[in-house]
**Student:** 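Questions regarding the structure given below will be posed in turn.
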Protein chains: 2
Amino acid sequence: MLHQINPGQTTIRPQVFNGSNASAPNISDDRLETVGTLMSYGRDEEIFGEGEVSARFYKVMSGSVRTYKILDDGRRQIVGFHLPGDFFGLEAGDRHTLSAEALCETNAIAMKRSAVLERASRNKSLFEKLWKITTLELSRSQSHALLLIKSAQERVQDFLLDMAEREASHGEIELPMSRQDIADYLGLTIETVSRTLTLLEKTGLIALPSTRRILLKNFAALRASQG
Amino acid sequence: MLHQINPGQTTIRPQVFNGSNASAPNISDDRLETVGTLMSYGRDEEIFGEGEVSARFYKVMSGSVRTYKILDDGRRQIVGFHLPGDFFGLEAGDRHTLSAEALCETNAIAMKRSAVLERASRNKSLFEKLWKITTLELSRSQSHALLLIKSAQERVQDFLLDMAEREASHGEIELPMSRQDIADYLGLTIETVSRTLTLLEKTGLIALPSTRRILLKNFAALRASQG
DNA sequence: CGACCATTTGATATGGATCAAGCGATGTGG
DNA sequence: CCACATCGCTTGATCCATATCAAATGGTCG
């Protein structure tokens with residue numbers, strides 16, 4: 001089951017979070033997450049579901065999140081992975097157009113949509129920050145579509161390079177997601193992802209010390225678009 | 001050539017366009033395009049290119065536009081088609097992350113990015129409009145990614161339904177784009193698009209009175225996800 | 001009317017899906 | 001602490017949807 005939740009692991013400890021220095025409150029603080037609620041989620045726990053009323057944005061503080069859509073036939077398309085520092089839940093209407101789940105133990109700040117939008121419409125710096133986040137997300141989504149027309153090997157390579165860059169790790173990736181998650185993000189089957197990783201290892205482009213750890217051994221070759 | 005421009009057909013007639021009633025200027029006009037420059041483009045003419053400095057947003061007034069990216073190997077992925085009323089050119093950085101071309105004779109209002117952002121950061125109504133447009137584009141892009149993991153038949157059907165809805169035509173579509181454009185949008189080859197349309201015609205779901213005109217004869221069946 | 005370009009149709013090839021085992025890590029109960 | 005069950009991943013064999021290569025048709029414009 002894709003939606004499985006482990007109730008035993010789940011712990012939500014909402015608490016008011018104020019990012020600004022309490023002793024020197026700053027009315028023009030330009031951080032989006034200045035006032036929000038810190039939420040904790042267990043592995044595979046749902047943060048929000050497609051169709052639910054969308055009242056909040058989120059910023060990942062620790063852990064990671066997947067956002068996804070389910071097709072009629074049950075297939076799942078992962079729209080994005082959200083690492084610490086990333087925002088998610090930015091959506092047009094008053095209902096979520098996708099679902100979000102924690103990949104592992106995750107802390108995220110939940111911000112009231114209305115409050116953030118209200119503040120952004122009066123604070124130029126905040127507005128610019130929100131604009132940047134949203135258009136960056138748009139750009140990411142467009143690049144994702146570009147990914148989906150490439151060959152399996154290119155998709156996997158691009159994914160590894162993207163993860164390495166986002167984790168700012170110099171060639172050593174710690175994957176927070178399963179092979180199935182990767183497959184659903186790349187529009188491939190789990191078997192193809194696995195085979196491609198094995199092939200990349202045999203070619204010497206990467207090493208696989210454990211399933212969740214990958215070493216990129218040849219950035220240049222990984223970047224070169226291949227079949 | 002994908003980039004071919006027919007210089008003979010090209011006519012740019014920039015002119016100041018003021019959407020508000022000149023006799024009653026309204027400082028809080030909440031239309032994004034209130035002040036802009038009306039531009040005209042010929043068939044296949046480039047409006048902006050990937051990598052160019054991005055100074056402007058655009059709103060399509062008549063005609064239609066394709067935005068796209070080119071992969072290393074020369075393949076082209078069309079990111080979106082923009083019909084009258086649609087905006088394009090909303091991007092994060094100071095450089096365009098994609099290219100835009102007119103599909104046919106097209107008029108569009110070009111608005112200075114900086115001016116629009118400046119005004120939106122002070123005018124709540126304008127801010128909300130800009131927010132809506134941007135998040136809608138984000139949502140569209142995510143749905144597009146969803147499209148790309150479906151079967152050829154589903155992609156074509158979804159495309160036809162989407163066009164019908166956007167043209168607000170009750171089952172009669174006038175396509176502003178070629179088969180190659182459709183193929184590059186759907187991540188298929190031109191042959192597969194053609195074959196799929198032929199199949200849909202044989203099944204009685206659509207009729208093809210001419211290559212650029214398509215009649216949807218069975219919405220229910222088109223909506224039903226098929227292999 | 002003829003040339004050209006877009007589209008359709010046909011034949012074949014192939015990358016990735018599907019179906020099916022096997023393997024290895026992780027966790028649980030004895 | 002170890003045997004075993006479980007789950008996630010890898011590997012193998014085969015199939016199929018769509019790409020590719022090739023040719024025919026049709027529509028448009030000089």
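Protein chains get the first letters and strands the later ones, always in sequence-line order, with residue 1 at the start of each. This one's a predicted model, so the numbers in the text were calculated from it and none came from an experiment. These values consider heavy atoms only, across backbone and side chains, with no hydrogens, waters or symmetry-generated copies.
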**Student:** When you compare the side chains of A:Ser40 and A:Asn107, does any donor N or O come within less than 3.5 Å of an acceptor on the partner?
**Tutor:**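 On atom types as modelled, these side chains qualify, holding a pair under 3.5 Å.
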
**Student:** Could you give the CG-to-C1' distance, from A:Leu199 to C:dG16, as a whole number of Å?
**Tutor:**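 Roughly 13 Å, once rounded to whole Å.
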
**Student:** Would you say the side chains of B:Glu154 and B:Ser151 form a donor-acceptor pair under 3.5 Å?
**Tutor:**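 Their side chains do contain a donor-acceptor pair, which is all the 3.5 Å distance test asks for.
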
**Student:** Taking only the side-chain nitrogens and oxygens of B:Ser194, find out if one of them lies under 4.0 Å from OP1 or OP2 of C:dT9.
**Tutor:**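 Checking B:Ser194 against C:dT9: no side-chain N or O falls below 4.0 Å of OP1 or OP2.
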
**Student:** If only side-chain N and O atoms count, and only distance matters, is there a donor-acceptor pair under 3.5 Å linking A:Glu50 with A:Tyr68?
**Tutor:**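 No, because no side-chain N or O of A:Tyr68 sits under 3.5 Å from a partner of the opposite role on A:Glu50.
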
**Student:** Got a list of protein N/O to nucleotides 28-30 of chain D N/O distances below 3.5 Å?
**Tutor:**
none

**Student:** Polar pairs (N or O, both sides) under 3.5 Å between protein and nucleotides 17-19 of chain C?
**Tutor:**
residue : atom : partner  : partner atom : Å
C:dA17  : OP1  : A:Thr189 : N            : 3.4
C:dA17  : OP2  : A:Thr189 : N            : 3.4
C:dA17  : OP2  : A:Thr189 : OG1          : 2.9
C:dA17  : OP2  : A:Thr192 : OG1          : 2.3
C:dT18  : O4   : A:Arg195 : NH2          : 2.9
C:dC19  : N4   : A:Glu191 : OE2          : 3.1

**Student:** Measure from CZ on B:Arg212 to C1' on C:dT8 and round the result to the nearest Å.
**Tutor:**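 Rounded to whole Å, this separation is 15 Å.
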
**Student:** Which part of the nucleic acid, if any, lies within reach of B:Ser210 when heavy atoms closer than 4.0 Å are counted: base, sugar-phosphate only, or nothing?
**Tutor:**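 Here B:Ser210 touches no strand at all.
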
**Student:** First locate atom CD of B:Gln153, then atom CG of B:Leu222, and finally report the distance between them rounded to the nearest 0.5 Å.
**Tutor:**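 Taking CD in B:Gln153 and CG in B:Leu222, the distance rounds to 9.0 Å.
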
**Student:** When the distance from CG of A:Leu197 to C1' of D:dT10 is rounded to whole Å, what number comes out?
**Tutor:**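 Roughly 10 Å, once rounded to whole Å.
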
**Student:** Could you tell me whether B:Lys217 atom NZ has more than 12 heavy atoms of other residues or ligands within 6.0 Å of it?
**Tutor:**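 Open: at most 12 neighbouring heavy atoms sit under 6.0 Å from NZ of B:Lys217.
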
**Student:** Find the distance between CD (B:Glu91) and OG1 (A:Thr135) and round it off to the nearest 0.5 Å.
**Tutor:**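 So the CD of B:Glu91 and the OG1 of A:Thr135 are separated by 9.0 Å.
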
**Student:** Just the rounded figure in Å: distance from P of D:dG8 to CG of A:Leu175.
**Tutor:**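 Answer to the nearest Å: 16 Å.
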
**Student:** Nearest whole Å is fine: how far is C:dA25 C1' from A:Arg213 CZ?
**Tutor:**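 Atom CZ in A:Arg213 sits about 16 Å away from atom C1' in C:dA25.
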
**Student:** Whole angstrom is fine here: how far is it from CD1 in A:Ile149 over to P in D:dT18?
**Tutor:**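 Going from CD1 in A:Ile149 over to P in D:dT18 covers 16 Å.
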
**Student:** Whole Å only: how far is the CG atom of A:Leu186 from the P atom of C:dG15?
**Tutor:**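 After rounding, the gap between these two atoms is 18 Å.
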
**Student:** To the nearest Å, give me how far apart CD (A:Glu201) and C1' (D:dC9) are.
**Tutor:**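 From A:Glu201 CD to D:dC9 C1': 13 Å.
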
**Student:** Output, in order, the C-alpha distance, side-chain angles, deciding distance and verdict of salt bridge (charged side-chain N to carboxylate O under 4.0 Å, His left out) for B:Lys150 and A:Asp72.
**Tutor:** CA-CA 11 Å; B:Lys150 298 186 182 181; A:Asp72 318 319; 5.4 Å; no

**Student:** Just verifying a value: how many Å separate A:Phe57 CZ and A:Phe87 CZ, rounded to the nearest 0.5 Å?
**Tutor:**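 The CZ atom of A:Phe57 sits 9.5 Å away from the CZ atom of A:Phe87.
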
**Student:** Step through the shown structure and confirm whether more than 12 heavy atoms of other residues, nucleotides or ligands are within 6.0 Å of NZ on B:Lys69.
**Tutor:**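 Atom NZ in B:Lys69 is crowded, with more than 12 foreign heavy atoms closer than 6.0 Å.
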
